[in-house]
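Quick notes on the structure that follows.
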2 protein chains.
Amino acid sequence: MATIKDVAKQAGVSVATVSRVLNDNGYVHEDTRKLVIEAIQQLSYKPNEVARSLFKKKSRLIGLLLPDIRNPFFPELARGIEDEIQEQGYQLIIGNIDEKYPKEMDYIQTFEQNNVTGIITATNLTGRSHYDDLSSPVVFLDRTFNDHPSVFVDGIEGGRMAASELVKRGSKRITILKGPAQLQTAQDRFNGAIAELRSANVDFSVIETSSFSFSDAEIWAEELFEKYPDTDGILASNDVVAAAVMHEALRLGKAIPEDLQLIGFDDIPLSRLLFPPLSTIRQPAYDMGKEAAKLLIRLINKETHFEKNIQMPVMFIERQTTRKVEENG
Amino acid sequence: MATIKDVAKQAGVSVATVSRVLNDNGYVHEDTRKLVIEAIQQLSYKPNEVARSLFKKKSRLIGLLLPDIRNPFFPELARGIEDEIQEQGYQLIIGNIDEKYPKEMDYIQTFEQNNVTGIITATNLTGRSHYDDLSSPVVFLDRTFNDHPSVFVDGIEGGRMAASELVKRGSKRITILKGPAQLQTAQDRFNGAIAELRSANVDFSVIETSSFSFSDAEIWAEELFEKYPDTDGILASNDVVAAAVMHEALRLGKAIPEDLQLIGFDDIPLSRLLFPPLSTIRQPAYDMGKEAAKLLIRLINKETHFEKNIQMPVMFIERQTTRKVEENG
DNA sequence: ATTAAATGTGTAATCGGTTACATGGTGTGA
DNA sequence: TCACACCATGTAACCGATTACACATTTAAT
């Protein structure tokens with residue numbers, strides 16, 4: 001790999017001049033600039049980002065922490081972030097926590113040690129505060145944490161909406177899968193849902209779950225139908241769990257949506273492809289990623305006067321695990 | 001952030017001694033070591049990986065290139081890699097190509113500029129050779145490229161196996177979804193399948209596809225049933241495509257597996273959760289990731305005498321989109 | 001014509017580590 | 001007692017960039 005010295009020698013100038021050309025900084029004579037650019041091309045020189053980062057104490061890297069890359073919701077977030085930051089010349093490092101939260105600390109440390117310019121995290125457990133004394137800006141995505149910058153949806157409203165749609169379509173004995181207790185977002189959905197059900201005076205039961213993972217979801221699904229075989233409406237904590245529940249329901253011979261209605265949460269790509277296609281509360285994951293990235297870049301650039309807590313809309317996506325509202329309205 | 005100098009001052013020694021403690025190198029008196037370790041803890045000092053990497057020309061980062069993180073097969077690979085390399089103290093940087101292959105070059109450059117210690121790639125298009133003059137070792141995963149180190153499955157055998165299972169279970173008019181032409185793996189599956197069908201003297205048609213993405217998959221699915229409405233057996237290029245096909249088939253009221261059998265490829269986590277659960281040819285993604293990581297680490301450590309091209313087994317996973325073999329045997 | 005401001009370029013310090021080399025003390029065998 | 005290996009530690013060069021500062025040369029303003 002050619003270094004800046006090689007380029008300087010080749011162009012017959014000093015390294016400072018090469019650096020000026022590279023960074024479009026200070027004064028460089030047009031003729032000199034041409035010489036340098038030619039030398040750069042001849043040697044196909046690429047600046048060493050490590051050296052650059054050492055001096056500047058900033059890299060072009062942005063760190064992203066995800067709870068579980070196997071849950072399709074999170075890659076979708078990542079894609080939004082990626083598209084946004086690449087336009088600005090940044091690069092994404094993804095750290096997968098795998099729902100093992102001690103890993104979170106390790107990744108944060110690695111990010112810091114590698115001078116990341118900013119961090120976007122979708123992993124913070126409620127009540128933890130190891131993000132407080134970081135030198136780089138942090139954006140919380142799909143999470144909120146004190147008054148830190150964040151991009152999120154209104155989970156309470158989402159839960160309420162799901163419950164309301166289910167009730168509107170005639171479910172009488174609803175079962176809620178309550179997501180992991182440590183996750184504020186999951187609790188918000190849950191609280192929104194039960195508030196709605198109580199005010200509508202509808203009977204409901206609750207199944208507690210402790211993760212969003214594919215492999216665990218099947219267990220909750222089985223438990224659900226053992227405990228509440230006559231449930232006629234289910235609010236799943238997310239689409240992955242909903243897929244597992246639907247699978248189990250069909251296996252047991254239940255008719256969806258006639259005997260049993262089901263609403264998920266997230267609207268991951270596969271939800272459309274399930275059969276019947278899953279009705280769900282959509283979180284605009286890709287756009288949330290984009291917004292988080294924009295927010296982070298503003299923080300990095302030390303801009304002022306912009307909204308630091310961005311709430312994105314949830315939306316009921318009516319597919320075929322819920323009945324038509326006219327039928328029962 | 002405390003630096004090595006701060007630690008040295010605190011402990012009353014030189015930076016060289018601190019470095020020796022840090023790296024467990026050279027001679028350090030036991031008493032001195034204790035002093036240094038104490039200073040490190042007091043200042044909660046973490047070495048700056050950037051500075052380290054600049055001097056050593058090696059970081060603790062390993063780069064991973066994926067064609068599309070939204071396809072659940074790839075996160076699964078990533079998880080396998082991650083688990084393996086983290087034990088060795090490495091960190092994963094994921095670059096998502098999003099099936100936009102010029103991005104591949106950009107990421108490779110970023111990886112090089114950041115001194116990654118090694119690269120694992122699942123993205124290489126056939127015939128490209130921009131991996132030849134890299135300074136870091138490269139492992140091809142789910143791909144092969146000349147005689148470069150690689151971890152892959154026998155796609156030809158996989159295609160053959162899928163076709164054979166379908167025929168064995170009585171499909172007579174088979175349609176094959178042929179994956180992207182540039183992807184050797186997809187072509188291998190295709191070639192294996194048609195070889196098997198020809199030798200079994202079974203009639204088949206082909207639908208050409210150009211990506212593995214969720215959003216495109218639905219289009220191929222529609223096209224398939226328009227062109228070949230009476231097909232009774234489908235070989236999908238992967239599980240995502242299979243999910244889309246199944247969805248469309250059920251929408252059209254076809255009975256699966258009675259009227260139509262379907263076999264996917266990959267065995268992604270969701271395949272089990274589809275209804276009916278998808279029969280598929282399993283690629284052991286997690287283990288492939290692990291093997292690729294092990295292979296890369298061997299290359300990094302310049303070990304010798306180990307297998308550089310690792311072929312992993314494919315396996316037919318019989319679920320419920322195929323009939324029982326006894327019924328038709 | 002005189003001087004200040006603007007332009008162009010190079011030298012060297014710096015970022016935070018690692019390590020080659022120098023130096024000095026201690027232990028051991030001849 | 002001498003020589004030499006071993007131990008312990010420090011000084012300084014180095015990795016490859018950026019940039020403060022110095023200096024020289026133009027250009028513009030008075």
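Residue numbering restarts at 1 for every chain, and letters A, B, ... go by the order of the sequence lines.
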Can you tell me how far [atom2] of [N] sits from [atom1] of [X], to the nearest Å?
| X | N | atom1 | atom2 | result |
| --- | --- | --- | --- | --- |
| B:Gln113 | D:dC15 | CD | C1' | 16 Å |
| A:Lys57 | D:dA17 | NZ | C1' | 14 Å |
| B:Glu30 | D:dC7 | CD | P | 14 Å |
| A:Ile40 | D:dA17 | CD1 | P | 10 Å |
| A:Phe55 | C:dC15 | CZ | C1' | 6 Å |
| A:Asp31 | C:dT7 | CG | P | 16 Å |
| A:Arg52 | C:dG17 | CZ | C1' | 20 Å |
| A:Ile4 | D:dC14 | CD1 | P | 18 Å |

Using the side-chain heavy atoms of [X], tell me which of these nucleotides is nearest: [options].
| X | options | value |
| --- | --- | --- |
| B:Val28 | D:dA17, D:dT9, C:dG16 | D:dT9 |
| B:Thr3 | C:dG8, D:dG16, C:dG16 | C:dG16 |
| B:His29 | C:dG17, D:dA8, D:dC15 | D:dA8 |
| B:Lys56 | C:dT19, D:dC6, D:dG16 | C:dT19 |
| A:Thr17 | D:dA8, C:dT18, C:dT9 | C:dT9 |

Can [X] and [Y] be counted as having a side-chain donor-acceptor contact under 3.5 angstrom?
| X | Y | answer |
| --- | --- | --- |
| A:Thr110 | A:Asn114 | no |
| B:Ser135 | B:Glu112 | yes |
| B:Thr117 | B:Tyr90 | no |

Given D:dA17, is OP1 or OP2 found less than 4.0 Å from the side-chain N or O atoms of A:Tyr45?
yes

Would you tell me if any nitrogen or oxygen in the side chain of A:Tyr27 comes within less than 4.0 Å of OP1 or OP2 on C:dT7?
yes

So, is the end of the A:Lys57 side chain (NZ or CZ) under 6.0 Å from the ring centre of A:Phe55 and within 45° of the ring's axis?
no

Check this for me: does the side-chain of A:Arg20 come within 3.5 Å of the base of C:dG10 through a donor and an acceptor?
yes

Could you check whether B:Thr32 gets within reach of a base, just the sugar-phosphate, or nothing at all, counting any heavy atom under 4.0 Å?
sugar-phosphate

Looking across every strand, which nucleic acid part, if any, lies under 4.0 Å from A:Ser19 by heavy atom: base, sugar-phosphate, or nothing?
base

Using 30° and 60° as the class limits, which term best fits the ring planes of A:Phe140 and A:Tyr131: parallel, tilted or perpendicular?
perpendicular

Assign each of A:Lys46 and B:Val13 the nucleotide of DNA chain D bearing its closest heavy atom; nearer the 5' end lies the nucleotide of B:Val13

Mapping B:Glu49 and A:Ala16 onto DNA chain C by nearest heavy atom, which one lands closer to the 5' end?
A:Ala16

Using the closest heavy atom to pick a nucleotide of DNA chain C for each, name whichever of B:Asn25 or B:Leu54 lands nearer the 5' end.
B:Leu54

